[in-house]
Structure formats: C-alpha cells, structure tokens
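One structure below.
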Amino acid sequence: MQNSTHRHQFSKLSLAAVSATVGAALFASAIPANAATTAPRSDGAARAAAVVESATGTADIATSTAAPGTPAKAVTAAAGAALTVTAPEKANGALHAADDSGSTFGLTLPGAKDVAGVKAGAGTVIYPDAAPATDIAVQPTKEGGARTLVTLKDDKASETHRFRLDIPQDASITEDGQGGYEITREAGEGVHVPVATIDAPWAKDANGKSVPTSYELDGNDLIQTVETTENTAFPVVADPKMTWGIVTGTAYFNKKETRAIADNGALSGVVLGFLPPGLNIYWGAHAAVITTTALKAKNAKKCIKVKFAAGIFIPGQYSGGNCK
C-alpha cells in the first residue's frame with residue numbers, strides 16, 4: 001500500500017438525507033475506548049434505517065441472517081466465487097468480506113461508541129448515535145460487497161471520518177481515476193489485477209442536494225471528508241461502496257511489462273496468462289490499440305493500464321502506484 005496521501009474531490013447528485021458513506025465503512029470522531037456498551041432502541045433504528053434507505057434504495061441489499069458475533073451475514077456469488085460479508089457486532093468493530101479461497105478484506109471502525117448493531121428496514125444494520133450526532137449503517141449488497149453509510153444528523157456531527165483498511169498482505173491500493181480505489185494483487189510478474197474496489201464517495205442532504213465529499217489515503221487509513229456549510233439541510237447521508245471479487249476492473253502493468261508490450265506487441269504473451277478467466281479470448285481483438293497505448297506510455301515514462309468490462313478492453317496510461 002502506498003504511504004503517500006492522495007486527495008480526490010467528488011460530488012454527486014441528490015437523495016433524501018445527507019449521508020456520507022465509504023464504499024465500505026465510515027466512522028466518526030474519537031470516543032473513549034472504555035465507553036459503556038449501548039443497546040440501540042428499535043424505534044430509533046427503524047427511523048435511522050428509513051433515512052438511509054431513502055437515499056440508497058433497497059433493490060441491491062442482499063438477504064442476510066444473524067449469526068454468532070454479527071447482526072447480519074450475507075453470502076452471495078460473483079464471478080463464479082462465493083462471497084461472504086459480515087457486519088460488525090458493535091460500531092467499533094470491523095466489517096469483513098471474504099471469498100471462498102480465504103482472501104479477506106476488512107474495514108475497522110475505530111473511535112465510535114460501543115453501540116450494538118440492529119438490523120432494520122429492508123436489511124440495513126444500524127448503529128444509532130455511534131458518535132455525536134452521527135448514525136452508522138452497513139448494507140451488504142448482492143454484488144458481493146457492502147455499503148457503509150454515515151448519517152450526519154446536524155451540524156454538530158464531525159465532517160471527517162477515518163477507518164482502517166485491512167487488505168491481503170500481497171495486495172496494494174491503486175487510484176481508479178474517478179475518486180475511488182482498486183485493491184490489486186500481482187497476477188504475474190509486473191501485472192496487477194483488481195480483487196476489490198472502493199467506489200468514489202458521495203453525500204446528499206435532506207433536499208437531495210449533492211454535498212462535496214472526498215477521500216484521503218493516509219497509510220492504511222481511508223479518510224472521508226464531507227464539506228457541509230450553514231446552508232446544508234440535515235440530515236446528510238454519505239455512501240461509498242466496497243465490492244470484493246473481480247467483476248470489472250483494470251489490469252495495471254509496471255514499466256518493464258509496458259516496454260515489453262510496446263516493443264513486442266500485445267500478442268507477445270506478456271499478459272495472456274494473467275488476466276481474469278474468460279477475458280483472454282478478447283485480448284487479441286484489442287491488441288493493436290493496446291500496443292499503441294503502451295508505446296505512448298513508454299515514451300511518456302509512464303505505464304499502461306487496461307480496463308476490462310464485458311469483453312471490452314480500454315487501454316490508458318498511469319503513473320505512481322505499481323508503475324515502477
């Protein structure tokens with residue numbers, strides 16, 4: 001993972017409450033670690049779930065069941081793999097996603113009150129008043145991921161939310177160029193492919209107006225800032241989303257492999273064994289444009305990246321991250 005700080009500005013359109021969510025899990029300002037456990041009232045959880053679900057909708061919320069240590073455990077299938085998402089029992093716990101190979105991704109929620117999660121509404125797990133003037137929510141999704149939402153109930157709520165990322169030891173984080181991140185693994189020498197994504201953040205106020213929000217990566221901490229003003233209509237809900245497993249994404253090549261593609265062509269066999277299953281057969285149809293882009297990247301002292309989705313390859317250039 002990179003240790004440098006990256007800032008991404010992102011704002012989006014409306015919803016019925018201002019919330020800030022991180023494509024995974026967001027939490028607010030520090031609360032003493034020895035705070036007493038708080039059991040949420042069911043009526044408060046129902047109201048909080050209604051606010052969140054009015055902003056997110058409910059069509060993609062996965063079916064979940066309670067299990068020891070979690071109010072909601074969802075098992076879904078994506079790209080041929082079984083994926084399990086587990087919501088934390090308490091607001092200062094960790095959201096976990098795991099595939100059937102044992103690879104895991106976690107988002108620890110530090111600095112929140114010791115509030116127990118309650119499933120309400122259409123399957124949203126609510127941690128009411130997990131921080132001053134702040135509710136936290138988790139929604140397992142059908143694609144094999146989860147939304148973690150923060151509801152800022154008034155102007156006393158913190159605008160900054162920090163949570164710790166727990167990714168596989170051999171993985172790294174790469175900017176996706178749209179305000180979010182891709183967690184990538186080396187699939188072969190010099191080639192990295194995504195195993196998880198963190199969507200760009202969004203936030204909306206009670207009038208459905210977009211509220212500016214952005215990410216900052218500080219070591220293993222993902223920080224989301226929501227920029228409210230005296231004109232912001234509360235509550236505000238924010239939501240980035242985390243998805244585990246390769247559905248679509250981008251393959252990132254280092255400088256050595258970029259040179260190899262530029263010099264020998266995209267059909268040289270450099271990458272054919274490294275792409276996700278089922279995508280290799282489409283590589284040849286895009287070989288010419290991939291080779292041309294690699295040559296441009298090489299001349300610019302950059303690296304090539306190739307986005308793939310539904311059999312379509314879109315090559316581009318990038319620097320930093322795995323471009324070494």
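Keep in mind it's a predicted model, so treat the numbers as computed, not measured.
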Could you go through the side-chain contact (heavy atoms from CB on, under 4.5 Å) check for L217 and L222 one step at a time? CA-CA 5 Å; L217 188 62; L222 186 66; 4.2 Å; yes
Just do the side-chain contact (heavy atoms from CB on, under 4.5 Å) check on D199 and R147 with the steps written out, would you? CA-CA 10 Å; D199 289 1; R147 279 190 291 265; over 6 Å; no
For I183 and L165, run side-chain contact (heavy atoms from CB on, under 4.5 Å): C-alpha distance rounded to whole Å, both residues' side-chain angles, the deciding distance at 0.1 Å, then the answer. CA-CA 11 Å; I183 289 81; L165 296 173; 6.0 Å; no
Given R164 and D221, is the side-chain contact (heavy atoms from CB on, under 4.5 Å) satisfied, shown in steps? CA-CA 4 Å; R164 169 92 21 161; D221 288 348; 2.8 Å; yes
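With T213 as reference, Q224 is the one residue of Q224, H161, E227 to meet the side chain to side chain donor-acceptor pair (under 3.5 Å) rule.
Side chains of T225 and E159: a donor-acceptor N/O pair is absent below 3.5 angstrom, by distance only.
No donor-acceptor pair under 3.5 Å is formed between the side chain of E143 and the backbone N or O of T243. Panel note: side chain D154, backbone K156; a donor-acceptor pair is recorded below 3.5 Å. Panel note: side chain T151, backbone K153; no donor-acceptor pair is recorded below 3.5 Å. Not one N or O on the side chain of N254 forms a donor-acceptor pair closer than 3.5 Å with the backbone of C323.
Atom OG1 of T124 is separated from atom CG of D135 by 12.0 Å, given to the nearest 0.5 angstrom. Atom OG of S319 and atom NZ of K301 lie 13.0 Å apart (nearest 0.5 Å). Here the OG1 atom belonging to T258 is positioned 9.0 Å from the CD atom belonging to Q317, to the nearest 0.5 angstrom. Once rounded to the nearest 0.5 Å, the distance linking CG of L149 with CD1 of I136 reads 9.0 Å. For the atom pair CG (N220) and CD1 (I173), the distance works out to 7.0 Å, reported to the nearest 0.5 Å. Here W202 contributes atom CH2 and T56 contributes atom OG1; the two are 6.5 Å apart, rounded to the nearest 0.5 Å.
Not counting sequence neighbours, N231 has no partner by the side chain to side chain donor-acceptor pair (under 3.5 Å) test. With sequence neighbours left out, T86 forms a side chain to side chain donor-acceptor pair (under 3.5 Å) with no residue at all. Residues passing the side-chain contact (heavy atoms from CB on, under 4.5 Å) test with T104, sequence neighbours excluded: A98. Judged as a salt bridge (charged side-chain N to carboxylate O under 4.0 Å, His left out), and not counting sequence neighbours, the contacts of D263 are K298.
Shortest non-hydrogen contact noted between K305 and Y318 is CB-CD2, 3.8 Å. Between P201 and G179 the shortest heavy-atom distance is CD-O, 3.7 Å. Minimum heavy-atom separation, P88 to Y127: O-OH, 2.5 Å.
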Distance-only criterion, 3.5 Å: show the donor-acceptor pairs between side-chain atoms of residues 289-297 and protein atoms not counting sequence neighbours.
{"unit_1": "T291", "atom_1": "OG1", "unit_2": "A266", "atom_2": "N", "d": "2.8"}
{"unit_1": "T291", "atom_1": "OG1", "unit_2": "A287", "atom_2": "O", "d": "2.9"}
{"unit_1": "T292", "atom_1": "OG1", "unit_2": "A288", "atom_2": "O", "d": "3.1"}
{"unit_1": "T293", "atom_1": "OG1", "unit_2": "V289", "atom_2": "O", "d": "2.8"}

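Ring geometry for Y181 versus Y215: interplanar angle of 30 to 60°, hence tilted.
V115 has its side chain within reach of P128: a pair of non-hydrogen atoms, C-beta onward, lies under 4.5 Å apart. Counting only heavy atoms from C-beta outward, the side chains of T70 and H96 never approach each other to under 4.5 Å. Between T232 and D155 the shortest side-chain heavy-atom distance does not fall below 4.5 Å. In this structure, the side chains of T76 and V85 stay at 4.5 Å or more apart for every pair of heavy atoms. Between L95 and F105 there is no side-chain heavy-atom pair separated by less than 4.5 Å.
Sorted by first then second residue, the salt bridge (Lys or Arg N to Asp or Glu O under 4.0 Å) pairs that include residues 312-324, not counting sequence neighbours, number zero.
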